[in-house]
Amino acid sequence: MSEENLYTFENETYRKTYWHTCSHVLAQAMKRLHPEVKLAIGPSIDNGFYYDFDTPQPFTEAQMEELEAEMRKICKEKLKLERFELPRAEAVAYMEERGEPYKVELINDLPEDAVISFYKQGEFVDLCAGPHVDSTGRIKGNAVKLTACNAAYWRGDSSRQTLQRIYGVAFPKKDELDEYLARIEEAKKRDHRRLGKELGLFMMSEEGPGFPFFLPKGMVLKNTLLDYWRECHKRYGYVEIATPIILNQHLWHQSGHWDHYKDNMYTTVIDGEDYAVKPMNCPGGMLVYKSEPHSYRDLPIRAAELGLVHRHEMSGALHGLFRVRCFTQDDAHIFMTPEQMKDEIKNVVRLFDEMYSTFGLTYQIELSTMPEDHMGDESVWHFAEDTLQAAITELGKDFQLNPGDGAFYGPKLDFHLSDSLGRTWQCGTIQLDMQMPERFELEYVGEDGERHRPIMIHRALLGSIERFIGVITEHFAGAFPVWLHPVQVKVLPVTDRAADYAAEVARRLDAQGFRVEVDGRNEKIGKKIREAQLEKIPYMLVVGDRDMEAGTVSPRHRAEGDLGAMDLEAFSAMLRQAVDSKERK
RNA sequence: GCUGGAAUAGCUCAGUUGGUAGAGCAGCUGAUUCGUAAUCAGCAGGUCGUCAGUUCGAGUCUGAUUUCCAGCUCCA
């Protein structure tokens, strides 16, 4: 890599180095203004950097500005960053002398043979492996912004000291900082909690924290999404089942969920017996499989379930539709012979491909392999991992390997979707489950007349329907494609004279299966258009005297504006085409 | 769950040192009948999240509690 290239901000290594140095500048500013503060750690992260401090008082916005000002000063001082190393005993003594207990703990926890290095800039020294830019003068002081200050635990351990974490971002140019901040603002405007309220999709209530209520428009959206989901699954050879929400606790012991997840499960007592509300659909699916004997001729069985699951998430984790205590998992369990495995995985990936691309969502696949703590034979694991890998490779897909990150019961493929703002969401997952068929003693009779254990995969495409609705709300900024929008067309009569004509137009579109509303209020057309635009309605139909006379409608597209007068038939044909092709504009 | 912050009309928000609550939008009524992003006027709307406490007096101060927000932790 050329010298020049190394110093571009697009280069991730350089960007992280730059941000890492920023975190040192932040710590230096902090020590100058508040010498009593103790230093914890200060790394770069994907979107900037942070530094954790142990402070007697939480920080305020005003103090953040003072810190920024001091950071700008340090940048102007062009302090050289110099690396030096110390033997362990001296390193500990050095940090003890400087009154930094957290640094002492870090040094003590370093492996025996570790090189203990420090970086010095002016009067400030930090324990750090580096690397760093060569001078604080490299940092553009007026393009540094401290974005938030919050609590964090020392070493991520909730039983330990709470620290104050200050987050920041920095860019080589002020313009880039402004652009970044504008993007954050845009994301805020698209927040699904705000849009969900504005568009009448869903609500939350103090009476049920984490349990979303779907409003009429939200239900149209959800049902339309599920109609599409069912249509796709049928084409890919799935059958649909539904299993109970409450099941005997004995079942949860058998499935192993009780041992692993009882803290997150809701329980109840019925006729003196213990029951639990399902946090997953699998055990019910196993019972369905076991309800009758199976021949190899029946396989593969692809049983999908839109199962309503409940999980007791911690109160602080709740977040709109993204993190709820009750959601619909679009699950499926596929039972098959080992020979069918590869083709089945390909079939699942093709289905994922089709549905994700409908929304204009791209994805990155991650393959997670056998963890240290796993159940089952290693050779079976390797066969399973190889099969997953072969399936995606044969489909020409790239993947990222996460060695040792699989579930204890099997390897998995995770699908990370990228939305229109470049944010990623883990939605789809394909997990091989080598445990459940054992625990439930699932069987099929093979060609040889013997009993065999089927292979099972557990997969979810959208993950949680509720969360996915949140994701696409932000992805489309509320401007859902016409096939999905709760109101596809709004008819806007210009005056009262056009009221009957508007009603007739709406009636005819409704009869053709479109979702139509009429805005018959006594308001000016400009106001009706404005409000329909704010509702992000795909098509507005302006109808006035001219249209009545000519027997036309004047459609306006939310993004393309006035489309000019046309016959209702011409409009409905255009609409039909846009809906059927699931056009996204 | 932890740390910090917030809660005032359906929505977005104002409310000075404690003295009995205000605007815009939405709603209702009337006028207006208008061609591509806000017509005008009038009316109505709130035990200021909840429960205690301090005080002659609390939206305002104190404590508890609920929910929400940011982050941490967690997310099988």
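The figures that follow rest on heavy atoms only: side chains count, while hydrogens, waters and symmetry mates do not. Convention: sequence-line order gives letters A, B, ...; per-chain numbering from 1.
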*Show your reasoning for whether side chain to side chain donor-acceptor pair (under 3.5 Å) applies to W154(A) and D52(A).*
CA-CA 8 Å; W154(A) 169 234; D52(A) 283 347; over 6 Å; no
*Taking atom P in both C48(B) and U20(B), compute the distance separating them and give it to the nearest angstrom.*
15 Å
*How about T328(A) and E466(A): does a side-chain donor come under 3.5 Å of a side-chain acceptor?*
yes
_Check the orientation of Y539(A) and F571(A). Use parallel for under 30°, tilted for 30 to 60°, and perpendicular for over 60°._
perpendicular
*Could you state the atom-to-atom distance from CG of D519(A) to P of U36(B) in whole Å?*
16 Å
_Under 3.5 Å side-chain donor-acceptor pair for E474(A) and H192(A)_ = yes
*Just call it for R546(A): base, sugar-phosphate, or nothing, with non-hydrogen atoms closer than 4.0 Å on any strand.*
base
_At less than 3.5 Å, do the side-chain atoms of D545(A) and the base atoms of G35(B) form a donor-acceptor pair?_
no
_Between A70(B) (P) and L163(A) (CG): distance, integer Å_ = 21 Å
_For atom CH2 of W154(A) and atom P of U73(B), their distance in whole Å_ = 13 Å
*So does R193(A) get a side-chain nitrogen or oxygen closer than 4.0 Å to the phosphate oxygens (OP1/OP2) of A70(B)?*
yes
*Assess whether one donor atom and one acceptor atom, taken from the side chain of Y153(A) and the base of G1(B), lie less than 3.5 Å apart.*
yes
_Taking only side-chain N and O atoms of S315(A), does any of them lie within less than 4.0 angstrom of OP1 or OP2 on G1(B)?_
yes
*asked:* For a quick check under 3.5 Å, do D54(A) and Y102(A) share a side-chain donor-acceptor pair by atom type?
replied: yes
*Which whole-number value in Å describes the distance from M548(A) CE to G35(B) P?*
15 Å
*Take the protein atom CG of D496(A) and the nucleotide atom P of G30(B), then report the distance between them rounded to whole Å.*
13 Å
*Spacing of the P atoms in U60(B) and G42(B) (rounded, Å)*: 33 Å
*Hey, can you tell me if Y51(A) and F53(A) have their rings parallel, tilted or perpendicular (30° and 60° cut-offs)?*
parallel
*Determine the interatomic distance between C1' on U8(B) and the same-named atom on A21(B); round to the nearest Å.*
8 Å
*Test side-chain contact (heavy atoms from CB on, under 4.5 Å) on V349(A) and I430(A) and set out the steps.*
CA-CA 9 Å; V349(A) 175; I430(A) 303 176; 3.9 Å; yes
*Are F49(A) and H20(A) close enough that their ring centers fall under 6.0 Å?*
no
*asked:* Using a 4.0 Å heavy-atom cut-off to protein, can you give one letter per nucleotide of nucleotides 37-49 of chain B, 5' to 3': B if the base is in contact, S if only the sugar-phosphate is, - if neither?
replied: BBB----------
_Rounding to an integer number of angstrom, what distance separates U47(B) and C28(B) when you compare their C1' atoms?_
24 Å
*Could you work out which one of U33(B), C74(B), A76(B) sits closest to the side chain of R497(A)?*
U33(B)
_Closest-nucleotide mapping onto RNA chain B: is A407(A) or L318(A) further toward the 5' terminus? I mean the 5' end._
L318(A)
*First locate atom CG of D263(A), then atom CZ of R311(A), and finally report the distance between them rounded to the nearest 0.5 Å.*
14.0 Å
*Return the 5'-most residue of the pair T495(A), E313(A) with respect to RNA chain B, ranking by each residue's nearest nucleotide.*
T495(A)
*Name the closest nucleotide to the P209(A) side chain, picking from U67(B), G35(B), C72(B).*
U67(B)
_Rounded P spacing from G71(B) to A41(B) in Å_ = 43 Å
*Check whether any side-chain nitrogen or oxygen of H312(A) sits under 4.0 Å from OP1 or OP2 of G1(B), and answer yes or no.*
no
*In whole angstrom, give me the gap between the P atoms of A7(B) and G45(B).*
25 Å
*Hey, does the side chain of H374(A) reach the backbone of E372(A) with a donor-acceptor pair shorter than 3.5 angstrom?*
yes
*Would you say the side-chain atoms of K278(A) and T243(A) include a donor-acceptor pair closer than 3.5 Å?*
yes
*Report the relative orientation of the aromatic rings in H312(A) and Y266(A); use parallel for angles under 30°, tilted for 30 to 60°, perpendicular for over 60°.*
perpendicular
*Indicate, with a heavy-atom threshold strictly under 4.0 Å, whether F408(A) touches base, sugar-phosphate, or nothing.*
nothing
*Using a heavy-atom cut-off of under 4.0 Å over every strand shown, decide if S205(A) touches base, sugar-phosphate, or nothing.*
nothing
*Quick one: N264(A) CG to U73(B) C1', roughly how many Å, whole number?*
13 Å
_Measuring only the C1' atom in each nucleotide, how far is A70(B) from C56(B)? A whole number of Å is fine._
41 Å
*Which dot-bracket string fits RNA chain B when only Watson-Crick or G-U wobble pairs with both atom distances under 3.5 Å count, crossing pairs get [ ], and | stands for a partner on a different strand?*
(((((((..((((.....[..)))).(((((.......))))).....(((((..]....))))))))))))....
*asked:* What is the distance, to the nearest angstrom, from the NE2 atom on H319(A) to the P atom on U67(B)?
replied: 18 Å
*Find the distance K197(A):NZ to C25(B):P and express it as a whole number of Å.*
20 Å
_Whole-angstrom distance between G27(B) and C34(B), as gauged at atom P_ = 22 Å
